[in-house]
*Asks:* 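This is the structure, below, for whatever I ask next.
Keep in mind that this is a model prediction, so the values were computed, not measured. Residue numbers begin at 1 in each chain, while the letters A, B, ... track the order of the sequences.
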Amino acid sequence: MPTEGELIANRLAKRERLLARGGGYPARTRRTHSCRAAVTLFESTESGSAEPGSGSAPHAALGGRVTGQRVLGRAAFLDLRDGSGSIQLYLRRDLLPEGEYELLELLDVGDFVEAEGTLIRTRSGEVTLAAESWRILVKALRPLPEKWAGLSDPETRYRERHLDLVANERSREVARISAATVSTVRRFFEDRGFLEVATPVLVDQAGGAAARPFRTYHNALDRELVLRISIELHLKRLLIGGFDRVFEIGRVFRNEGLSHRHNPEFLLLESYEAYADYEDVARMVEQLVRHVAMEVRGTLEIPHGDLVVDLASPWARTTYREALLEHAGIDYRDYPDRDALAGAAAERGVPVDPAASWASVVDAIMQRLVEPELVQPTFVFDYPTELSPLAKAREDDPAVVERFELFILGYEFANAYSELNDPVEQRRRLEAQALKRAAGDEEVEVADEAFLEALESGMPPAGGLGMGLERLMMLMTGEHSIREVLLFPALRDRGDSPKSPGNAP
RNA sequence: GGGCCCGUAGCUCAGCGGCAGAGCAGUGGACUUUUAAUCCAUCGGCCGGAGGUUCGAAUCCUCCCGGGCCUACCA
């Protein structure tokens, strides 16, 4: 077992020899088929001939990465893989032009090659390209993870995702399901006449949610900027401008801790529909999630760990007040006093920050005692107004707003309102939040003057939706950690410098 | 932030006070239908880092770095 440096040095030497022969790193290839297409081609014209070069056997030129090799003297088998799948290559000295078989001396697992020849089925039944010509396209300098045990160290899988994807079919599958989830969501909204827009990521103030932002600086404008924590306020300005249905799928950034379900940057879907209310949005979300499940999984019963998430049955509906009563035994209306509520929370084992407001206490109880219980899809309607500064109050009860959150697997999947569009009331609510901020609470909604002014020009009644798409990916893939569905999850800096082949002895 | 666990060869892992190990990969050789090819030979180490205990530390202790799980926070 030579050191990593020696392994790389071996491959660098082979690269030199390859270049000396006039090969290596060509810009163009002669590929005629993907690996999968070649197998399909052969099976559709199955000649059954086990002897290469005979009769009407189909011909193909393939390219891909060598993932395994079995050399038997004057013949060799290579496993070739491209983005479509894999196929076996058969190299035989007497089938190849003079000197080409000896290229094997320069080949390592991990290199990309091109081979052109005849498709056959071997004695053991495998569809195989019997090469009549081949070359090395790319010399890989680093050894790939071991072929049988593969790559399992989570840290390496996350930090060097390319190796994880090469080594683990499951990781490729998760990436494909995640991508299909996003494209299906996009198509769902497009098919319903929503306009997809792109609004600024760099903004003056981080509004639309309550979270700490990342701060940055624009040199030419000599301006402090922050990265958005939400998309909401810009999309509402588009409703004001006259678009009735808009949506955006975009990254938002929250300067908070990491966990198995939180990443500092994540993919947020927001949609706004004029002349709709939160009941309409709830119906749409139910359709959306079911549609995605059918498109990417082909079923409405999604296995997740030990349980099955049932998307087919009608989704449970409750209210914030009922949910707290059922799971925590607290009717928050019996505790209009902050300290009394904090006492009730403490009795139930919910830790309470002494500085927390009434709203923070009630929400701590919700998060701690209620949300984890909501495993099967559950809508929770009608949140306390104090928790929801951008939502419209119920006409029959101004203490609560027309807001719902959707919970699946014990965590928040979606958040939706009948959007507050009374500019005077909106200003009053945001000013109340500003008082909290002045009292030291950094995680409250900011009063965005540009948004408030826009609202004064008149926003139609509308229903809005926000949904973290990584959580939808987690549901669709059955993964329990957001790091599995993020291709490059945020990690701490390991501190050492990247290894370079240039440093190899 | 707190608790538990992990870090040994390129990869997957064993060793847990007494000479640093295995498989795969690599290197040399044999082999024209293999598919975890096989067979022979062989190279290979900052045991995450720094201190400490000890005659002696990969092994025990402390701190630090990185990761995982649980938990908390993120309305």
*Asks:* Classify the nucleic acid contact of A/V71 as base, sugar-phosphate or nothing, counting any heavy atom under 4.0 Å across all strands shown.
*Replies:* base
*Asks:* Give a yes/no answer on whether the side chain of A/K14 brings an N or O atom under 4.0 Å of OP1 or OP2 in B/U27.
*Replies:* yes
*Asks:* Below 4.0 angstrom from OP1 or OP2 of B/U34, is there any side-chain N or O of A/R70?
*Replies:* no
*Asks:* Under 4.0 Å between any heavy atoms, over every strand shown, what does A/R254 touch: base, sugar-phosphate, or nothing? Just pick one.
*Replies:* nothing
*Asks:* May I ask you to say what A/S259 touches in the nucleic acid, namely base, sugar-phosphate or nothing, with a heavy-atom cut-off under 4.0 Å?
*Replies:* base
*Asks:* Are any of A/R159's side-chain N or O atoms less than 4.0 Å away from OP1 or OP2 of B/G67?
*Replies:* yes
*Asks:* So what does A/D153 hit on the nucleic acid, given a heavy-atom distance under 4.0 Å: a base, only sugar-phosphate, or nothing?
*Replies:* sugar-phosphate
*Asks:* Using nucleotides 5-8 of chain B, report all nitrogen or oxygen pairs with the protein that are shorter than 3.5 Å.
*Replies:*
none

*Asks:* Does any nucleotide pair with B/C60 by Watson-Crick or G-U wobble geometry, both distances under 3.5 Å, and what is it?
*Replies:* B/G52
*Asks:* Quick check, are the ring centers of A/F381 and A/Y278 under 6.0 angstrom apart?
*Replies:* yes
*Asks:* Which of these passes side-chain contact (heavy atoms from CB on, under 4.5 Å) with A/P58: A/I120, A/L129, A/L119?
*Replies:* A/L119
*Asks:* Would you indicate what A/Y158 reaches in the nucleic acid, counting non-hydrogen atoms under 4.0 angstrom: base, sugar-phosphate, or nothing?
*Replies:* sugar-phosphate
*Asks:* Go through the side-chain N and O atoms of A/R81 and A/T67 and say whether any donor and acceptor fall under 3.5 Å apart.
*Replies:* no
*Asks:* Using a cut-off of less than 4.0 Å, is there contact between a side-chain N or O of A/Q69 and OP1 or OP2 of B/G26?
*Replies:* yes
*Asks:* Compare side-chain N and O positions of A/K147 against OP1 and OP2 of B/A25 and report whether any pair is under 4.0 Å apart.
*Replies:* yes
*Asks:* What does A/G68 touch in the nucleic acid at a heavy-atom separation under 4.0 angstrom: a base, only the sugar-phosphate, or nothing?
*Replies:* nothing
*Asks:* Using a cut-off of 4.0 Å on non-hydrogen atoms, how would the nucleic acid contact of A/R93 be classed: base, sugar-phosphate, or nothing?
*Replies:* nothing
*Asks:* Give a yes or no on this: more than 12 heavy atoms of other residues, nucleotides or ligands lie within 6.0 Å of atom CD of A/E98.
*Replies:* no
*Asks:* With respect to the phosphate group of B/C74, does any side-chain polar atom (N or O) of A/Q367 fall under 4.0 Å of OP1 or OP2?
*Replies:* yes
*Asks:* Under 4.0 Å, counting only non-hydrogen atoms across every strand here, what does A/L144 touch: a base, just sugar-phosphate, or nothing?
*Replies:* nothing
*Asks:* Let me know, please, whether A/E371 or A/D108 comes out on the 5' side of the other along RNA chain B by nearest nucleotide.
*Replies:* A/D108
*Asks:* Have a look at A/P489 and say if it touches a base, only the backbone sugar-phosphate, or nothing, with a 4.0 Å heavy-atom cut-off.
*Replies:* nothing
*Asks:* Under 3.5 Å, is there a donor on one side chain and an acceptor on the other for A/E484 and A/Y158?
*Replies:* yes
*Asks:* Is the terminal nitrogen or CZ of A/R471 (NZ for Lys, CZ for Arg) located under 6.0 angstrom from the six-membered ring centre of A/F413 and within 45° of that ring's axis?
*Replies:* no
*Asks:* NA contact type, A/S152, heavy-atom cut-off 4.0 Å: base, sugar-phosphate, or nothing?
*Replies:* sugar-phosphate
*Asks:* What closest approach, in Å, do A/E419 and A/L390 show between heavy atoms, and which atom pair accounts for it?
*Replies:* OE1-O, 3.5 Å
*Asks:* Going by the angle between their ring planes, with limits at 30° and 60°, are A/W358 and A/Y332 parallel, tilted or perpendicular?
*Replies:* perpendicular
